[in-house]
There are 2 protein chains.
Amino acid sequence: MNVGEVAALAGVTVRTLHHYDRIGLLSPSGRTAAGYRQYSPADLTRLHSVLLYRELGFPLEEVATLLDDPSADPAEHLRRQHRLLRDRLERTSAMVAAVEKEMEAHAMGISLTPEERFEVFGDWLPEEYAAEAEQKWGETEAWAQSQQRTRAMTKDDWLRVKAESDDVERRFSEALRSGVAPDSERAMDLAEEHRQQISRNFYDCGPEMHAGLGRMYVEDERFTAYYERIAPGLAQYVSTAVQANAARRA
Amino acid sequence: MNVGEVAALAGVTVRTLHHYDRIGLLSPSGRTAAGYRQYSPADLTRLHSVLLYRELGFPLEEVATLLDDPSADPAEHLRRQHRLLRDRLERTSAMVAAVEKEMEAHAMGISLTPEERFEVFGDWLPEEYAAEAEQKWGETEAWAQSQQRTRAMTKDDWLRVKAESDDVERRFSEALRSGVAPDSERAMDLAEEHRQQISRNFYDCGPEMHAGLGRMYVEDERFTAYYERIAPGLAQYVSTAVQANAARRA
DNA sequence: CTGCGGCCTGACGTCGCGTCAGGGTCAAGC
DNA sequence: GCTTGACCCTGACGCGACGTCAGGCCGCAG
């Protein structure tokens, strides 16, 4: 893909891509004979991360160090991005609530104290500060250990993890075949096991998030295909079980 | 208040306030004999709006035109800010969902298509574009009319609106006095009337938002005081009724 | 072979401040 | 009354992340 196409796809200008090239943040993996920039799928993946981190307020230089850190795998980035986005969500909710409070105060003819009105700005510092905090925390042992564990997944570990999930998937398909209802106790227990497995091995996955994944299993064809290849009807089955389990734990 | 205090309160640097002064975005309403900037409460209010709009991605010059527009009253700004924040909330949710999807895809060993991964960036353009859109839409008649209606609240209109809400508050306090349960049909109907009144006269207030307001009536002393001055126990009563009504309509 | 759109590389402009530099101000303590 | 240290002032330059030309090279449709 050449610059124009990438720019259109990612919703940025060509100039931005030029800039990222010059500062070494994202250099296309190839050039044509005429010097045209050629972007590979891997470049697009990187661009995606760049844009996410940028949106979250990181300076480009820091984005570069984050992405070029050889000790941070893709899953690590996804976890970080997820955390940062959830922070932002929380903060935005707080701001919405603050504005609603002001609306109501205004309607009633009450006026708020300045401290109160700025409090949502005051104790903020998350996104940008998150970078610093992370650097500081990056030095602590707890963090280092958790880093270690996820990063140090050897091929063996991966096979073990894969075996674990294969096991749950197999038991799901057995339950399906033997006519166990997807919203039954047994199916829900399997779903819960699935959730805990994800939390242990990949990322922190609460019931709410798990329910979201469940929906995806039937809404996105690729995830559907993944389960349907194991057994026909399994995607819908797992999806239902997962959502029933989420409802149960809520 | 002088610059340092304001800066600390609002969570910005002194330099930022200097900048806003120079570009005429926010000039303190007074100076001491020695030339020290003196910020009034009104200045703080303006600063608050400035920071909100800035956070939402508006260029400062545009913020200035928004705030200096004599045809936009405070309520108008609150409505706009509320709308923009909700847009942002939606967008951030979409991004969170996208990241979760990628996490799951990654865990399963599936890879997403580039189009898909960028779609949350692609069809975006809300916040910044919102400004443009607003300018374009600002020319349409429908918008102009709705502007007219809210802005054109004369003293008479205000009195009528006030009478309306006084009426509901009075009927609430009657219900309270005569022992009608706050989660009864009657109380909930009053709550619903309250909600529709707000929507008609002030801002669009859905059940969910109304429930939030209800919570505030007991959590924030000023709102509590407002209702308690009408009748003791009314704050809690209205709060319960409002939330019961919200639950009913959900 | 001639447009015409897309790509290239400088190079300068812009926005929203950060960061000194050089100097007055003010409340506190000696 | 005088110093001292924190806070304030006004330039003025710097910087990050691009926007915006300018001048020129592809590439392919007609």
Side-chain angles (χ1 to χ4, degrees), chain A residues 1-40 43 46-47 49-67 121 124-125 127-129 131-132, chain B residues 1-40 43 46-47 49-67 121 124-125 127-129 131-132:
Chain A
M1 294 183 75
N2 56 24
V3 276
E5 293 167 333
V6 174
L9 177 61
V12 300
T13 68
V14 170
R15 177 66 178 96
T16 301
L17 294 176
H18 284 178
H19 185 55
Y20 291 171
D21 189 0
R22 178 147 333 158
I23 67 174
L25 174 57
L26 175 64
S27 298
S29 52
R31 294 267 189 153
T32 70
Y36 283 28
R37 270 163 262 253
Q38 286 296 113
Y39 290 86
S40 72
D43 294 335
R46 187 176 171 97
L47 176 57
S49 266
V50 167
L51 294 182
L52 243 170
Y53 281 127
R54 183 188 69 168
E55 168 99 17
L56 288 168
F58 286 85
L60 296 187
E61 197 179 331
E62 204 156 345
V63 173
T65 69
L66 281 176
L67 293 179
F121 286 111
W124 122 268
L125 317 161
E127 290 168 8
E128 318 163 34
Y129 183 73
E132 279 186 46
Chain B
M1 293 182 75
N2 56 23
V3 276
E5 293 168 332
V6 173
L9 177 61
V12 300
T13 68
V14 170
R15 177 65 178 95
T16 300
L17 294 176
H18 283 177
H19 185 56
Y20 291 172
D21 188 0
R22 177 143 338 154
I23 67 174
L25 174 56
L26 175 65
S27 297
S29 52
R31 295 267 190 153
T32 69
Y36 283 27
R37 271 164 262 254
Q38 288 295 114
Y39 291 86
S40 72
D43 295 334
R46 186 177 171 99
L47 176 57
S49 266
V50 167
L51 294 182
L52 244 169
Y53 281 128
R54 183 189 70 166
E55 168 100 18
L56 288 168
F58 286 84
L60 297 186
E61 196 179 333
E62 204 156 345
V63 173
T65 69
L66 280 176
L67 293 179
F121 286 112
W124 125 264
L125 317 160
E127 289 167 10
E128 318 163 35
Y129 182 74
E132 279 185 45

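Per chain, numbering begins at 1; letters A, B, ... match sequence-line order.
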The reported gap from CG in B/Leu25 to OG1 in B/Thr16 (rounded to nearest 0.5 angstrom) is 11.0 Å
Between the side chains of A/Arg37 and A/Asp43, is the shortest nitrogen-to-carboxylate-oxygen separation below 4.0 Å, so that they form an ion pair? no
Could you encode protein contacts along nucleotides 3-9 of chain D as a string, one character per nucleotide from 5' to 3', using B for base contact, S for sugar-phosphate-only contact and - for no contact, with a heavy-atom cut-off of under 4.0 Å? ----BSS
Would you kindly give the OH-to-C1' distance between A/Tyr20 and C/dC8, to the nearest whole Å? 20 Å
So A/Tyr39 and A/Leu17, side-chain contact (heavy atoms from CB on, under 4.5 Å) or not? Walk me through it. CA-CA 10 Å; A/Tyr39 290 86; A/Leu17 294 176; 3.7 Å; yes
Over 12 non-hydrogen atoms of neighbours within 6.0 angstrom of CD in A/Glu61: no
Rounded to the nearest angstrom, tell me the gap between atom CG in A/Leu60 and atom P in D/dG16. 10 Å
Once you round it to whole Å, what is the distance between C1' of C/dC7 and CD of A/Gln38? 11 Å
Base, sugar-phosphate alone, or nothing: which one does B/Thr32 contact when heavy atoms must sit under 4.0 Å apart? nothing
Rounded to whole Å, CZ of A/Arg15 lies from P of C/dT9 at a distance of 11 Å
Which pairs of donor and acceptor atoms, one on a side chain in residues 1-12 of chain A, lie under 3.5 Å apart (sequence neighbours left out)?
unit_1: A/Asn2; atom_1: OD1; unit_2: A/Glu5; atom_2: N; d: 3.4
unit_1: A/Glu5; atom_1: OE1; unit_2: A/Asn2; atom_2: N; d: 3.2

Measure the distance from NE2 on A/His19 to C1' on C/dT14 and round it to the nearest whole Å. 14 Å
Please determine, by modelled atom types, if A/Arg54 and A/Tyr20 share a side-chain donor-acceptor pair under 3.5 angstrom. yes
Euclidean distance, atom CZ of residue B/Arg22 to atom P of C/dC15 [Å, nearest integer]: 15 Å
Atom-pair distance (CD on A/Glu62; C1' on D/dG16), nearest Å: 13 Å
Return the value, rounded to whole Å, for the distance between atom CG of A/Leu17 and atom C1' of D/dC18. 12 Å
